[in-house]
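A note on names: the letters A, B, ... follow the listed sequences, proteins ahead of strands, and every chain is numbered from 1.
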There are 2 protein chains.
Amino acid sequence: MEPNFNEKQICILQVAEKLFAEKGFDGTSIRDISKAAKINIAMVSYYFGSKDKMLEALVLFRTDDLAIQIENLLKESLSPLEKMGRLIDFYITRINQNKDIYKIMHFELSSKKRVLNFESFTQVKKRNVASLRQIITEGQDLGIFNLDVNIDLIAPTILGTFFHFQMNRPYYENIFDLHSDEVFENYVKTDLTKHIKRTINALLLYEK
Amino acid sequence: MEPNFNEKQICILQVAEKLFAEKGFDGTSIRDISKAAKINIAMVSYYFGSKDKMLEALVLFRTDDLAIQIENLLKESLSPLEKMGRLIDFYITRINQNKDIYKIMHFELSSKKRVLNFESFTQVKKRNVASLRQIITEGQDLGIFNLDVNIDLIAPTILGTFFHFQMNRPYYENIFDLHSDEVFENYVKTDLTKHIKRTINALLLYEK
DNA sequence: AAACAAATTAAACAAACGTTTAACTTAAAC
DNA sequence: GTTTAAGTTAAACGTTTGTTTAATTTGTTT
């Protein structure tokens, strides 16, 4: 199951990824993709077998470099609080770079249309939660972090806040006056990231 | 712009809503809908004009009762903290009941495929944020709540956490052993709601 | 009972869909 | 230079798509 794609295949996958994220898998035709990628319609079937298999190839292709190496964070000599801050930065940066495939996979995950194999994606998530758990229990053992925390629900809060912001982009563009890609991106990197960090910090540090 | 649908139209919209949420708008054909609703394929065009216009009708139909009357909450003689708890309960209950249309609208909002009019939806959100702001500033004036809070980003945290959990249902079913609709629903109402409340409370109360 | 509009139907429509074919071009191997 | 395989193409394939048609049924009004 080692994805070994050539340049042309990768080019097609990148074009498809962009279109799937913009218009959805069912909203994007092979003709749309071949037009955008400047290839013949037959090339998709030639390289991937079918449109469905191309989606599988795309998921496989992206999941491979989605594995966040937050294991390295654990080894560094930082306080648990500092580690959490770095982890959130890392999470947001990584997901911000890969938001197209995340959007596609979120749709497919909750869709009853196709059955995709998300086993490797699940494994990545479990590994990340394990690292997160290690950081938090470390902080709890030191008496710094609150004991009354549902660790498995912290990732949904971080990622959920981020994605909800992205999905409602037109609304937030409006109320925050973020009328260009650059300004919007900048708001995510500064204010939104700050809000998420503040939220997670408060959750871990606040004693009722 | 008053949506005045008869019983048959409402029945069709409800069936369409379920299918759109399950398989997406483009992944659902008029024949799928007419089969599930036990009507003739021509009835969709007859009642709504087209498939696209049916989606518009659905959005209009649902947005109308999406307006959360949290204004009433403001009047009650509760502490700001109690109001926030009630507001989160209210939010989650309401969105849990309407998660199908929310899922559809979230997809359409971030989709470049169709241009839908979300003006009334935007207005509802703005009204809700205004009420939220009133509660929080009340708490801030009383010296209870933290001043360093981005109020516009609180809703994304509440809703984002909820939706991320719903979108990744297969994953959380797995790690929390929620292998039935009832058990899953129950986890949302208890543990997930508790986590969200705890998070928002900490954010509002924690002083660094 | 006749007349009328509204509701419902099966059938047909053109357009778009994913996929396959068979011919052609390119590039490497011998 | 011939052979062979891989890459690329335009055209056609059979389905499925959203929509329209024209005929029929239903229910209400006169």
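- Within residues 24-36 of chain A, the residues having any heavy atom under 4.0 Å from DNA chain C are, by residue number, A/T28, A/S29, A/I30, A/R31.
- Between A/F25 and A/F107, the ring centre distance reaches or exceeds 6.0 Å.
- Centroid-to-centroid, the aromatic rings of A/Y172 and A/F184 stay 6.0 Å apart or farther.
- Legend: residues meeting ring pair (Phe, Tyr, Trp, His ring centres under 6.0 Å) with A/H195, ordered by chain and number and at least two apart, are absent.
- For the contact set between residues 7-15 of chain A and DNA chain D, defined by any heavy atom under 4.0 Å, the members are A/K8.
- The distance between atom CG of A/N40 and atom P of C/dA23, rounded to the nearest whole Å, is 16 Å.
- Rounded to whole Å, the distance from CZ on A/F48 to C1' on C/dG18 is 15 Å.
- Distance check, rounded to the nearest 0.5 Å: NZ of B/K23 to OG1 of B/T28 gives 5.0 Å.
- To the nearest angstrom, P of C/dG18 lies 16 Å from CD of A/E56.
- Counting non-hydrogen atoms under 4.0 angstrom, B/Y47 reaches the backbone sugars and phosphates but no base.
- Close to C/dA7, at under 4.0 Å from its OP1 or OP2, lies a side-chain N or O of B/Y46.
- Salt bridge annotation for A/D89-A/K197: present, with a cationic side-chain nitrogen under 4.0 angstrom from a carboxylate oxygen.
- Note that the OG atom of A/S50 and the NZ atom of A/K53 stand 5.5 Å from one another [nearest 0.5 Å].
- Salt bridge annotation for B/R114-B/D26: present, with a cationic side-chain nitrogen under 4.0 angstrom from a carboxylate oxygen.
- Stacking of A/K125 on the aromatic ring of B/Y171 is recorded, both the 6.0 Å distance cut-off and the 45° axial limit being met.
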